[in-house]
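See below for the structure under consideration.
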Amino acid sequence: MKHFTSVHDVDDPQALMERALALKKLPPEALLEIGRHKTLVLLFLNPSLRTRLSTQKAGFSLGMQVMVHNAGQGWQLEFEEGNIMNGDKAEHVKEAAAVISQYADIIGVRTFPGLKDRAADYQDAILKQFMRYATVPVVSLESAIRHPLQSLADWLTITEHRPAHRPKVVLSWAPHPRPLPQAVANSFIEWMKVADVDLTVAHPEGYELAPEFHEGTAVEHDQRKALDGADFVYVKNWSSYHDYGQVKINSPEWMITPEKMSLTREGRFMHCLPVRRNVVIADAVIDHPRSLHLQQSHNRTWAAAAAIEALLQPQNH
Amino acid sequence: MKHFTSVHDVDDPQALMERALALKKLPPEALLEIGRHKTLVLLFLNPSLRTRLSTQKAGFSLGMQVMVHNAGQGWQLEFEEGNIMNGDKAEHVKEAAAVISQYADIIGVRTFPGLKDRAADYQDAILKQFMRYATVPVVSLESAIRHPLQSLADWLTITEHRPAHRPKVVLSWAPHPRPLPQAVANSFIEWMKVADVDLTVAHPEGYELAPEFHEGTAVEHDQRKALDGADFVYVKNWSSYHDYGQVKINSPEWMITPEKMSLTREGRFMHCLPVRRNVVIADAVIDHPRSLHLQQSHNRTWAAAAAIEALLQPQNH
Amino acid sequence: MKHFTSVHDVDDPQALMERALALKKLPPEALLEIGRHKTLVLLFLNPSLRTRLSTQKAGFSLGMQVMVHNAGQGWQLEFEEGNIMNGDKAEHVKEAAAVISQYADIIGVRTFPGLKDRAADYQDAILKQFMRYATVPVVSLESAIRHPLQSLADWLTITEHRPAHRPKVVLSWAPHPRPLPQAVANSFIEWMKVADVDLTVAHPEGYELAPEFHEGTAVEHDQRKALDGADFVYVKNWSSYHDYGQVKINSPEWMITPEKMSLTREGRFMHCLPVRRNVVIADAVIDHPRSLHLQQSHNRTWAAAAAIEALLQPQNH
């Protein structure tokens, strides 16, 4: 594995997921050998809580030296090729990525979409530029269109709570006051396609995701019908892809309530967090013992540890 | 000890203080075993220099993995229960505290009072919410109303310079251009009550502290009278508790000068820092060899180390 | 060596440079012993990418505990003596430097000049105040007038690519849209004076550097003439020293192009970064395989490691 930016980077996703669960059970001393004398640099162009802490913790647990760099502690970056750089941007990503590679064995990059220009966001240009100019592996800490560490952690969590039967997993859109990226939803669909689950995506009309993620997935516009018999209910807002970055109708009736959860097969609530209580979900759902949101957060560490371990394999260097 | 947020959390404060002094003398290799494979997360909702560096250093010295998270690198937190979160705040403390607990063995929290609403500040709601929703011990890095690591470090310092007789300790209010919290003064009084010292609190009328901290303590409105025969002079500004958060009269005559120090029994000047020179104290006092402010700063590391060690004891888990 | 703030602090600069190259070849386990149980605090009063990451990495590689503190996470500092501190500044550098010394074995300080008041900047007051009040060695992470870790890294890089003959090194001014410090140029000249090279400084009239750096150095106002036969071409903008902090004429004809590089003796392009492409240099120069800018970045780690090791020697304590 050269980089870790989507499920498509991974030769054997099932094996990676199982390795993450195995790492979770290793004693600390064994973990510390995995990344010994290696350095992880995490670069945040956008805010982060879970990703920041869980990926740092993964690095520390693997015995790595970890350096966190926030945009704003350095210079504004130029991402365009061939520009005459006489404006605000003091450094080109060509230099930034290559320079950070001088100090890192793996570089993590966090970046959000602008949600203004769909074509630009869906090129995932900032992440791609880092991949192009870094001379070491890049791990996505969420990019404009994907959040693969989140999805891998979600898959760990589903596996740990998997019923005896092939589970029904519902990814349901939910309302939110602000326009949010499609990254978590896109990525979750991609990873669930390689998992042994039955996936349904539920959303109001107008919230269709990008065809490359969407296609081949069952879609339901009736949320209650989708929830019927669900084992896992992954709730997440996203803004419109087709009317790009817009909050079209902010349908409060799509909030997840206890009454809706009663339609499921003792369904487990999932959310990547942060979550707005009583907008996206009712307090009583997230506070219910069947809610898995904290296990998802916990598994972020092990998803990151497995991805980092894979990127440190000698064949990558 | 479940949490470390005030002297009341500590079963045997004297033993904790003595343990801090013992840790200070341990060789580095012995210290490193105490927190081995444990993770300390320090969360700063407000600025900090000493607390930030000394608590990090305590964690490192105990062999811990340390992660520092500043508010502003993540999301604005909601602290109210049951709210419909459709405003500015993207994450509830219920999730934030529980999620950080997934990555931490101990969480440190730094928060200041708003100094607008006394009842709200004196509930110490932000710290209390973290204590309620974290699933691991919380150590206060200063809260709205207390600064226990400072007070424990102050006690170490007094013990190290203790005269043969029971010492007279004076906590004197001093002027300051801005309204400051009462936290350091409140906390110092609380800890001095369990120390074997004679405490007098000196302040102009109108600067009475909250009754729960104040009561049982000798108060003097004549600063010179208070300083007479003092062994330790702890100087600190605070804003009014009764006329909450106000700077009532900013009496420059309460500044500590060499002439006032001459009233003491070769008294040692103490301050928690940061301090405004020639407002709170004259240069000649703080620059005098009898000043203990740097020893107090130094002892912050050992106060933190002792509190962390106590919180890591197995009976807490 | 008591501090590391200029070449003048170093007893034997050649030996330090050679030690840096030797450290670069040591196995990780040997490096880890050098700074074991020691703490490095890096204080950034201004932004930084390379210095921040490379100095942290040096500290980690030497087995140190590293703490990074950004201005803005603490208090605004007062640098004037004897002031009545009733304004914006909450802490005096006397306390800040002495307090950080309680937690650090070495303190790194990064500060930029204001470029308004030449006399003030050239006193290098902020760095000097830290040196004065810190009780542990100070390493400059770039000050108002010098950037010695950069220059030492530059020297390593020149040594690694040194031709058989005594090399001609040209430091050439280049255009830039903003007024920049003279620190990199000043420092490079200082270090090249002790290196076994032939140095020429090329700049348009009006960009003379401060006499104390300038004197004894060949100066050329005709850039092409300077480049003739050069082995190394160090390109760097600086604002005017004589018309202090001004961008007098922003001569685009001083940009380094492939055609100009053809005047050299297969000259190696050097730059400290960040660099503005197609303003300071043409893409084709920096993207050429003979460009050494990434090696310079890489060597920052080893320059820092050598300086830190020297500051940790027992005779300093």
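This structure is a prediction, so every number in the text was calculated from the model and none was measured.
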Completion exercise
Per-residue tally against chain C (heavy atom, under 4.5 Å) across B/Leu53, B/Leu32, B/Asn299 peaks at B/Leu53

Problem - Heavy-atom contact with chain C under 4.5 Å, split by part of B/Pro177 - result: side chain

Completion exercise
Turns out that what part of B/Leu31 lies under 4.5 Å from chain C's heavy atoms comes down to neither

Problem - SB check C/Lys94 B/Asp287 (cutoff 4.0 Å) - result: yes

Exercise for the section: Using modelled atom types only, decide if a donor and an acceptor are shared between the side chain of C/Tyr103 and the backbone of B/Gln56 within a distance under 3.5 Å. Expected result: no

Handout entry: Contact check, side chains of C/Glu91 and B/Val275, non-hydrogen atoms, under 4.5 Å
Key = no

Handout entry: Side chain to side chain, C/Gln102 and B/Thr301, heavy atoms closer than 4.5 Å
Key = no

Completion exercise
What one should report as the nearest heavy-atom pair of C/Gly74 and B/Pro47 is O-CB, 3.6 Å

Problem - Pair B/Arg277 + C/Glu81, salt bridge at N-O below 4.0 Å - result: no

Handout entry: Nearest heavy-atom neighbours spanning C/Ala90 and B/Pro274
Key = O-CB, 3.4 Å

Problem - Min side-chain heavy-atom separation C/Met85-B/Asn278 under 4.5 Å - result: no

Practice task
Tell me, out of C/His92, C/Arg36, C/His69, who's got the most heavy-atom pairs with chain B below 4.5 Å.
Solution key: C/His69

Exercise for the section: Answer with side chain, backbone, both or neither: which region of C/Asp88 has an atom nearer than 4.5 Å to a non-hydrogen atom of chain B? Expected result: both

Handout entry: B/Arg276/C/Glu95 ion pair, N-O < 4.0 Å
Key = no

Completion exercise
Residues B/Asp283 and C/Gly82: closest non-hydrogen pair is OD2-CA, 3.4 Å

Fill in the blank from the handout: Distance col, row B/Ser297:OG vs C/Ile100:CD1, nearest 0.5 angstrom, shows 10.0 Å

Exercise for the section: Starting at CG of B/Leu49, measure out to CH2 of C/Trp75 and round the result to the nearest 0.5 Å. Expected result: 8.0 Å

Exercise for the section: With a 4.5 angstrom heavy-atom cut-off, could you sort out which part of B/His176 is near chain C: side chain, backbone, both or neither? Expected result: neither

